[in-house]
Amino acid sequence: MSLLTDIEEDAFKELFNLSFGKVASTLSEMVDSEVALKVPFFCTLHGQSVSAYVQSLYGMAISLVGMRFRFVFPPDNAIAGMAVLILRGTKIGHFLDAWYGGHVPEETLAYVEEEAMPLAGDVLLYTCTSSLSALFGSDVDCEKPQFFKGTTEDLPGFLALPDLPGFSPSEPQAEEDRLLLLRVDFSLVGKDVDGSLLTWMGGYGLPRLRSEIDHFIATHMV
Amino acid sequence: MENRKKIILIVDDEKINLDVVVGLLRDHYKMLVATNGEQALSRATANPPPDLILLDVMMPDMDGYEVCRRLKTNPSTQHIPVIFLTGIMELSLGLCGDESVGLTLGAVAYVHKPIDPAILLACLQTHLTID
């Protein structure tokens, strides 16, 4: 059973689309290239299925940057989430070349990848979460982005949502263990780089998000 | 004869440029980094001071030329060789003048970005030896 009605799902995707529009603009400036976006994809899945989902998209060997965040609704309500930037494994070198404006020397590639990708994540994922939080009318609290390179067997811990100390995460419901996941695939035109931006949030936040989504529908989609 | 690793200060406002240069040089030299002109001037007076400075030309607030000018008028830093890093496009578009500007200010060389590792290493070796 879907957790959202069709119109709510469309509104949720539209909110994400607005947010990723800002990310695409930032990314485009960063790499001096047009960014082509696909249509956002929304689904719900269980927390333990995220790494399998990522594996289904990109295979077992994965490089990604992840940033945990919390949307905070004062005084004491919050939703935990995770934003992830994935580039297709063999394309990271091309992405770094595009960002650097030349060929990153092979002998430095591993070092540059490890050092530079968290910054790429910081810029792009923070743009995504901060613009989403503005649309939801919440504050946002982001952790430092982390770079992961390895196999999906080691991913579950890396992809876990952050704790919410001091907050009550809305009312626990049947969808407590469900995640609301949004994904946009993108490519850099003429640069042979493609990847995805994914964001997921605890399903327990749905009642709160739904009221924000309904407000968005009332003001933008009627 | 002195055996300590020579210290290179790299100054660039672009993180990825810093990463590429540090990645190339960290096995050969001790690396210091600065991301703007003020930081560069401060790091240049550290103890021990850098043996050579790689300085990006195009930076916000204080460009590489101004940093070089200040380094060369400060008695405690004027002896440190400065090599300018600049993009070929920046030069060809005239965004940072021609190479005579930096050489007149006291820099010893220009290295163009994207960096050719062999050229950068050879250039450093030459100017550290002369020093």
Side-chain angles (χ1 to χ4, degrees), chain A residues 23 25-35 63-67 85-87 91-127 142 144-149 188 190-193 195, chain B residues 5 8-36 39 54-60 63-64 83-96 110-125:
Chain A
V23 178
S25 162
T26 306
L27 177 60
S28 177
E29 272 182 36
M30 206 168 163
V31 297
D32 194 22
S33 168
E34 188 185 337
V35 177
S63 295
L64 56 81
V65 188
M67 185 178 79
L85 172 71
I86 308 181
L87 297 173
K91 308 294 175 65
I92 287 187
H94 297 171
F95 171 75
L96 293 173
D97 287 351
W99 186 10
Y100 179 49
H103 182 57
V104 174
E106 291 299 325
E107 62 267 43
T108 68
L109 196 54
Y111 175 83
V112 173
E113 184 181 31
E114 199 160 312
E115 292 292 316
M117 288 308 292
L119 180 70
D122 199 20
V123 173
L124 300 172
L125 299 176
Y126 184 74
T127 300
C142 297
K144 196 175 166 201
Q146 304 288 328
F147 178 62
F148 174 91
K149 186 169 190 172
L188 304 186
K191 303 279 188 185
D192 194 21
V193 175
Chain B
K5 254 188 175 180
I8 308 293
L9 171 62
I10 160 81
V11 188
D12 202 310
D13 59 310
E14 288 282 343
K15 161 84 172 150
I16 191 155
N17 293 340
L18 290 173
D19 291 339
V20 168
V21 174
V22 171
L24 279 172
L25 302 180
R26 68 199 171 115
D27 290 340
H28 307 275
Y29 304 103
K30 183 174 175 189
M31 301 301 298
L32 290 177
V33 298
T35 55
N36 59 54
Q39 255 184 21
L54 292 169
L55 185 54
D56 181 33
V57 176
M58 301 283 284
M59 293 189 292
D63 69 17
I83 295 176
F84 276 118
L85 300 173
T86 187
I88 289 171
M89 287 300 287
E90 292 164 6
L91 273 177
S92 63
L93 293 173
L95 297 175
C96 53
Y110 273 78
V111 170
H112 299 139
K113 297 187 280 188
I115 285 165
D116 180 320
I119 290 176
L120 178 62
L121 285 165
C123 193
L124 285 176
Q125 205 168 9

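Atom set for the values below is all heavy atoms of this structure, side chains included, hydrogens, waters and symmetry mates excluded. Residue numbering restarts at 1 for every chain, and letters A, B, ... go by the order of the sequence lines.
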*asked:* I'd like to check the side-chain contact (heavy atoms from CB on, under 4.5 Å) partners of B/L120; sequence neighbours left out, ordered by chain and number.
replied: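 Partners of B/L120 under the side-chain contact (heavy atoms from CB on, under 4.5 Å) test: B/V21, B/L24, B/L25, B/L54, B/V111, B/I115, B/L124.
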Output all donor-acceptor pairs under 3.5 Å across chain B and chain A; consider backbone as well as side chains.
from	atom 1	to	atom 2	distance (Å)
B/D19	OD2	A/A116	N	3.4
B/I115	N	A/Y100	OH	3.1

*By a 4.5 Å heavy-atom criterion (distance strictly below it), what part of A/L96 contacts chain B: side chain, backbone, both, or neither?*
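It is both, since atoms from each part get that close.
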*B/I16 and A/V112: which non-hydrogen atoms are nearest, and at how many Å?*
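Smallest heavy-atom distance, with atoms named: CG1-CG1, 4.1 Å.
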